[in-house]
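Okay, so here's the structure we're looking at.
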Amino acid sequence: MTSAHTGSAPADSSATAFPSGFLWGAATAAYQVEGAVDVDGRTPSIWDTFSRTPGRTAGGDTGDRATEHYLRYRQDVRLMSELGLGAYRFSVSWSRVQPTGRGPAVERGLDFYRRLVDELLEHGIEPAVTLYHWDLPQELEDVGGWPVRDTARRFADYTALVAQALGDRVRIWTTLNEPWCSAFLGYGSGVHAPGRADWTAALRAAHHLNLGHGLAVETLRAALPRDARIAVSLNLHEVRPLTGSAADREAVRRIDAVGNRVFTGPMLDGGYPDDLLADTDHLVDWAALVQDGDPAAIARPIDLLGVNYYTPTVVSALPEGAAPDPVAARDAGHGDGAQSPFPGCADVLFHRAPGPRTAMDWPIDPTGLTDLLLRLHREHPGLPLMVTENGAAFDDLPTPQGAVHDPQRIDYLRGHLGAVRRAIAAGADVRGYFLWSLMDNFEWSYGYGKRFGLYYVDYDTQARIAKDSARWYAEVIRRGALPDLDG
């Protein structure tokens, strides 16, 4: 590993160079890495409850121990420094800071994040805070969760507590990570916490996540210095038709509406798209759900749009005469839920694209990332972009000598970083890249069986082992370029 911390060093002058000042990072999420779930006042989140429910996660795995980041954060920051990271994106556990989702902060919980931020800054690594990465306090779910409007107000209050504690040292703030997953996997298909399968509840949750985002932006603007940058991270779907038929293009439009524009519409364009409202008006009374003032509150300006991308989505219309399939999205890469996570789209079929796949069975296609970034550049000119998650799981195993060779991950990263570079060359204003993930961790309903990390984690001993991809990424950061990418 390189020991030089270069973060945003001047870029290489080759055709494969990234812009000077490009921010190189890696990311994790609280429930996936912290462990210490009952320490210093923390109470259960919906993911504690979900993962402890038999049959919800692979092997019955939970995040109770995870990778002990709560205890080992200093060691992990040293690993980040060895990589040369310019930034570390982490999330704050709401139930560690505000256990009931209401009232004052638990200072012992905030103290962990204060220590982590200080450690990062001492190593020259910029902290990038995500306020919500899916771990709603269970007490808020018990009174309705995100389908209930009050949860958005509670989120704004929690945001104020974290901003007051960390706002003098943290410049990059993300309100929500992948609200699509929170709403539609958590409340629509049931494969994520809290495990509900109700399309109406999912759409209500989506609106209140949008509202919570807007209220959090307002709260952060009031609390933070003027140079702070406020973002949201969306896992936008790069949706492609199976064929060029009108029916398949219509399937793309419908999935794009409930997969993408349900968030980009209100957050970036000032309102929900008319076609989304028409597609879903049999499931929710939008006129009653969206109250006066909501559109303006949700559309408060942000400084960065975070883009999370792993694989494209290929869809087609249901063949004429065929009966709708309630779990028609089983091939969309979002788990085998009780029904499709796309409300009102039980008659849209999803297809497995040909070619190589990751251990998640997700097709590897970097062109989807280029296309997605360029679409956002066209539709929202002037809004800086940042890739806040991108990476791949493979079946990594140590050799008898203790090395972890992962050439497939290196190929994946080379291809997707090349895709980012091509988007930049075509005019997209992409400011940085956060690799998912810093280390192997608890991969939600897949438990510990899927490894995304640059560092292999032996879950018995908690030892971290640098994979070959860690050394490769460190060299890319040092150069500010992909020296071995063609053209």
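Everything numeric here is computed off the predicted structure, so don't read it as measured data. Just so it is clear, the values below take in all heavy atoms, side chains as well, and ignore hydrogens, waters and symmetry mates.
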Given the side-chain rings of Phe18 and Trp24, with only the six-membered ring counted for Trp, is the space between their centroids under 6.0 Å?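 Ring centres of Trp24 and Phe18 closer than 6.0 Å.
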Close aromatic pair by centroid cut-off 6.0 Å: His334 and Trp180: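 His334 vs Trp180: aromatic centres under 6.0 Å.
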Looking at [Y] and [X], is there a salt bridge between them, counting it only when a charged N and a carboxylate O are closer than 4.0 Å?
X      : Y      : value
Arg464 : Asp76  : yes
Asp440 : Lys467 : yes
Asp429 : Arg431 : yes
Glu141 : Arg196 : yes

Smallest separation among heavy atoms of Phe342 and Ala332, with atom names: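 Minimum heavy-atom contact is CE1-CB, 4.4 Å.
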Minimum heavy-atom separation for Leu209 and Pro179, please, with both atom names.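 Closest approach of Leu209 to Pro179, heavy atoms only: CD1-O, 3.6 Å.
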Sequence neighbours excluded, which residues qualify as side chain to side chain contact (heavy atoms under 4.5 Å, CB included) partners of Ala251?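 If we apply the side chain to side chain contact (heavy atoms under 4.5 Å, CB included) test to Ala251, skipping adjacent residues, the hits are Val315, Val348.
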Side chain of [X], backbone of [Y]: donor and acceptor closer than 3.5 Å?
X      : Y      : answer
His351 : Val314 : no
Thr399 : Ala403 : yes
Gln32  : Phe442 : yes
Asp406 : Ser469 : yes
Thr16  : Leu482 : yes
Asp198 : Ala201 : yes
Tyr448 : Thr62  : yes

Would you indicate whether Asp361, at its atom CG, is surrounded by more than 12 heavy atoms from other residues, nucleotides or ligands within a distance under 6.0 Å?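 Enclosed: over 12 neighbouring heavy atoms sit under 6.0 Å from CG of Asp361.
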Residue among Ser45, Ser51, Ser95 satisfying side-chain hydrogen bond (donor to acceptor under 3.5 Å, both in side chains) with Tyr31: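 Answer to the side-chain hydrogen bond (donor to acceptor under 3.5 Å, both in side chains) test with Tyr31 among Ser45, Ser51, Ser95: Ser51.
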Exactly one of Asn177, Thr388, Thr130, Thr175 should register a side-chain hydrogen bond (donor to acceptor under 3.5 Å, both in side chains) with Ser233. Which one does?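 Answer to the side-chain hydrogen bond (donor to acceptor under 3.5 Å, both in side chains) test with Ser233 among Asn177, Thr388, Thr130, Thr175: Thr388.
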Indicate whether any N or O donor in one side chain lies under 3.5 Å from an N or O acceptor in the other, for Asn441 and Ser437.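 Indeed, the side chains of Asn441 and Ser437 share at least one donor-acceptor pair under 3.5 Å.
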